[in-house]
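Since the structure comes first, as structure tokens, the remarks are kept for the end.
For the numbers below, each heavy atom of this structure counts, side chains included, while hydrogens, waters and symmetry mates do not. Chain letters run A, B, ... following the sequence lines, proteins first and then strands; every chain starts at 1.
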Protein chains: 2
Amino acid sequence: MTKREKNFPRMAEVAKLAGVTVMTVSRALRSPAKVAPDTLKRIRAAIDKTGYVPNALAGALSAGGGGKTITALIPTVQHAIFADTITGLSAALRPEGYHLVLGETGYLSEEEDALVAAFLSRRPEGFLLTGVTRSPRTRDLLKRVGVPVVETWELTNTPIDMVVGYSNEKAAHEMTVWLAGRGYKRIAFVSGPSRTNERARRREIGYRRALKEQGLPVLKIFTIGAPAAPQVEDGAAILPEVLAEKPDAIFFTSDIYAVGAIQEARRRGIAVPKELGIAGFHDLAIATVIEPKLTTVHVPGREIGYIAGRNILARIRGEPAPQLSAIPFSIVARDSTK
Amino acid sequence: MTKREKNFPRMAEVAKLAGVTVMTVSRALRSPAKVAPDTLKRIRAAIDKTGYVPNALAGALSAGGGGKTITALIPTVQHAIFADTITGLSAALRPEGYHLVLGETGYLSEEEDALVAAFLSRRPEGFLLTGVTRSPRTRDLLKRVGVPVVETWELTNTPIDMVVGYSNEKAAHEMTVWLAGRGYKRIAFVSGPSRTNERARRREIGYRRALKEQGLPVLKIFTIGAPAAPQVEDGAAILPEVLAEKPDAIFFTSDIYAVGAIQEARRRGIAVPKELGIAGFHDLAIATVIEPKLTTVHVPGREIGYIAGRNILARIRGEPAPQLSAIPFSIVARDSTK
DNA sequence: TGGGCTTATGTTATCGGTAACATAACTGAG
DNA sequence: CTCAGTTATGTTACCGATAACATAAGCCCA
């Protein structure tokens with residue numbers, strides 16, 4: 001790649017073909033009303049002929065703005081809830097002509113730091129980040145440059161800029177209380193990799209608080225290790241250990257684990273929900289495919305993405321946008337609990 | 001956004017702070033070996049102090065290249081197979097410092113045309129496209145600009161540039177033959193929205209060819225209408241109509257439909273696979289969650305993305321890359337067929 | 001000790017556009 | 001008929017960086 005773009009025609013070529021200067025072509029593209037109809041026609045024809053596509057990089061540089069892109073950093077698209085978020089965001093962005101640049105952090109905080117810096121160099125006009133816990137360095141950087149930032153999937157009173165999400169603690173609390181209300185006494189909790197996943201951590205806090213309030217025993221808490229997208233097998237593998245605690249219900253921080261556990265319970269001849277209640281989190285598609293259908297917490301992945309997108313766009317336009325948007329979750333009672 | 005970027009510090013500020021010209025800063029960043037160790041230290045300090053992040057837009061413009069981005073256009077991230085492709089692509093790109101710009105076409109060809117043009121303005125260095133059928137306008141445009149393009153999820157002898165995928169026709173053919181081999185005589189076929197989904201179309205062709213070869217009757221072919229990501233309910237809803245054809249097996253173009261059908265069959269008291277065999281396509285996670293576990297065609301979503309990424313990068317570097325990469329699929333026999 | 005070579009840094013032009021101002025041609029009212 | 005106001009287009013400077021070339025020290029060996 002030396003000093004000239006591949007085969008992209010430039011505005012200058014269009015201009016020459018139409019017998020005008022580049023400025024007139026530029027105007028024809030961004031404010032056609034200011035160009036004589038006849039000239040406009042010639043320019044349009046020239047654009048067609050050359051297959052000209054404006055260079056947004058150059059345009060943005062000159063206009064002094066960003067490139068009409070929003071950057072989203074999520075742990076992985078493999079997880080349906082984040083895919084939902086992306087779809088929601090994408091839906092918010094499209095009508096305004098904004099593009100989505102996607103980065104996967106693999107649940108790794110260092111990776112997020114690296115990606116923020118790297119993506120910043122592309123001068124996005126906004127950021128969607130997952131979670132609310134991050135390195136001070138990244139916080140500072142983002143604050144300093146003053147780009148609209150939405151943190152998602154959790155709430156906090158001290159966002160970098162804005163938050164869109166729900167309280168994972170409250171959600172887990174609510175589910176635990178609900179389970180207690182169904183008569184379960186020994187409710188176990190199986191967490192995702194809490195070291196790298198703050199959402200899992202908050203859920204554990206909510207679970208503990210609920211047990212204390214209800215006067216129920218806190219059983220040994222199990223944590224699934226791998227900092228990656230959850231796998232059904234993980235849930236199956238951990239079930240035996242959890243059973244050693246003699247729980248009458250198990251609350252998993254992900255439907256995926258819960259499904260694995262149900263399958264494993266079936267293999268072991270344990271009746272769900274008769275002998276053992278099982279609850280998940282997220283309300284994924286598999287929750288209604290597994291038999292018995294899974295009791296879980298429905299979380300609004302798509303709305304989070306959409307609202308986040310709307311808020312970022314509002315900020316860009318200089319309109320007011322809420323610092324905190326709480327999106328409601330809900331308990332979905334199905335057949336895996338009594 | 002007037003004439004100056006928000007709060008992003010510029011190289012000039014770093015330069016002043018370090019007591020050098022911008023050129024020296026630029027060098028410190030891209031070829032530090034050419035800068036005196038002492039100067040380098042001062043520059044690094046200045047960068048830290050200012051929180052400077054290079055403006056890749058300007059850099060790319062000047063260097064005459066693209067912005068180290070690859071654009072991927074997929075129907076939707078909602079569908080796990082495309083999420084897989086994205087993950088694979090992302091994995092290939094990351095080590096080389098390339099960024100991924102994502103567009104969702106919603107299975108709409110016109111949307112794809114619009115997105116290709118829009119994304120082209122960002123001067124990506126490569127494109128990943130889904131499928132091999134597209135408007136001549138888009139084909140021409142992409143050919144003309146000479147950007148590396150990989151078309152995916154199908155094969156063709158006349159790609160715009162490169163293809164990475166497998167033959168959907170062959171895959172469906174193989175599954176149909178396999179079903180015939182298990183003794184099924186009246187094999188029905190339920191297609192996804194074939195008007196907007198060429199993959200579904202090709203699978204139908206494979207299915208028909210197999211039946212003809214096996215001397216089996218072609219039953220009425222059912223097509224699920226909505227041009228969107230498949231839903232479990234669609235499969236359940238269509239089952240009664242399909243049953244009117246008295247099939248002894250049904251081959252769905254997606255696991256998602258197949259799962260819905262299995263659930264509906266259970267509701268109706270039809271024994272799967274005893275009275276009715278059911279097969280899907282894609283080998284999604286739900287295929288092993290549903291009971292009986294689903295017989296399906298395993299397709300290599302992640303590999304497709306990864307290989308596509310590798311090929312694009314090879315092209316960018318001027319290395320040879322295969323015009324056609326066939327990635328193997330496989331039949332996965334489980335319990336939903338006899 | 002001086003000219004050739006290396007090393008470190010600066011200068012100038014340029015990437016492909018757009019903002020702001022300048023100018024030329026045309027319009028219409030007094 | 002003239003001059004102000006409009007409309008259509010051109011000129012110049014600049015966005016933030018990098019390539020290519022230029023220059024100034026420092027170094028070495030004959």
Side-chain angles (χ1 to χ4, degrees), chain A residues 1-16 18-43 46-47 50-68 120-125 145, chain B residues 1-16 18-43 46-47 50-68 120-125 145:
Chain A
M1 201 74 47
T2 52
K3 197 71 184 176
R4 171 75 171 74
E5 277 192 84
K6 333 191 52 139
N7 302 317
F8 286 95
R10 288 162 311 182
M11 205 179 250
E13 276 142 53
V14 176
K16 193 159 68 172
V20 293
T21 47
V22 288
M23 198 58 236
T24 306
V25 177
S26 175
R27 265 192 289 260
L29 255 26
R30 37 189 29 247
S31 39
K34 291 186 184 161
V35 176
D38 184 59
T39 312
L40 201 53
K41 209 178 299 172
R42 270 174 14 244
I43 291 176
I47 287 177
T50 53
Y52 173 71
V53 179
N55 184 331
L57 273 54
L61 181 58
S62 172
K68 277 221 165 204
L120 225 28
S121 73
R122 218 130 292 167
R123 298 295 185 265
E125 296 190 36
V145 299
Chain B
M1 201 75 48
T2 53
K3 198 70 182 178
R4 171 74 169 72
E5 277 192 85
K6 329 188 59 130
N7 301 316
F8 287 95
R10 291 162 307 183
M11 206 179 250
E13 277 142 52
V14 176
K16 194 159 67 176
V20 293
T21 47
V22 288
M23 197 57 235
T24 306
V25 176
S26 174
R27 265 192 288 257
L29 256 27
R30 33 189 35 249
S31 37
K34 289 187 185 161
V35 176
D38 185 59
T39 313
L40 201 54
K41 211 178 296 175
R42 267 165 28 236
I43 292 176
I47 288 178
T50 53
Y52 172 72
V53 179
N55 185 330
L57 273 54
L61 180 57
S62 172
K68 278 222 164 202
L120 226 27
S121 74
R122 218 129 294 165
R123 299 294 186 265
E125 297 190 35
V145 299

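Taking the ring axis of Tyr52(A) as reference, the NZ or CZ atom of Arg10(A) does not stay both within 45° of it and closer than 6.0 Å to the ring centre.
Nucleotide dC21(D) holds its P atom 13 Å from the CE atom of Met23(B), rounded to whole Å. Taking atom CZ on Arg27(A) and atom C1' on dA20(C), their separation rounds to 11 Å, with Å as the unit. Atom CD1 of Ile43(B) is separated from atom P of dA8(C) by 12 Å (rounded to the nearest Å). For Phe8(A) and dG17(C), the CZ to P distance is 11 Å, given to the nearest whole Å. The nearest whole Å value for the distance from the NZ atom in Lys16(B) to the P atom in dG10(C) is 15 Å. Atom CG of Leu61(B) and atom P of dT18(C) are 12 Å apart (whole Å). Computed from coordinates, the Leu29(A) CG to dG16(C) C1' distance equals 13 Å when rounded to whole Å. For the pair Leu57(A) CG and dA17(D) C1', the interatomic distance rounds to 12 Å; values are reported in whole Å.
How far CE of Met11(B) is from CE of Met23(B): 8.0 Å, rounded to the nearest 0.5 Å.
Between Tyr52(A) and dG17(C) there is a side-chain polar atom (N or O) within less than 4.0 angstrom of OP1 or OP2. Taking 4.0 angstrom as the limit, Arg30(A) places a side-chain polar atom (N or O) nearer than this to OP1 or OP2 of dT18(C). Distances shown here put a side-chain N or O of Thr24(B) below 4.0 Å from the OP1 or OP2 atom of dG10(C). Using a 4.0 Å cut-off, some side-chain N or O of Thr39(B) falls inside it from OP1 or OP2 of dT9(C). For the pair Ser62(A) and dG17(C), the criterion of a side-chain N or O lying under 4.0 Å from OP1 or OP2 is not met.
Residues Val145(B) and Leu120(B) share a closest heavy-atom pair of CG2-CD1, 4.4 Å. Between Leu29(A) and Pro54(A), the shortest heavy-atom distance links the atoms CD2-CG, 4.3 Å.
The listed nucleotides are dT9(D), dT18(D), dT9(C); the one nearest the side chain of Ala36(B) is dT9(C).
Residues Ala58(B) and Pro37(B) each lie close to DNA chain C; by heavy-atom proximity, the contact nearer the 5' end of the strand is made by Pro37(B).
Val35(B) has its side chain out of reach of Val20(B): every pair of non-hydrogen atoms, C-beta onward, lies at least 4.5 Å apart.
In terms of polar N and O atoms assigned as donor or acceptor, the side chain of Arg123(B) never comes within less than 3.5 Å of the base of dG16(C) in a complementary pairing.
Backbone-only engagement by Met11(B) is indicated by non-hydrogen atom pairs under 4.0 Å involving sugar-phosphate atoms exclusively.
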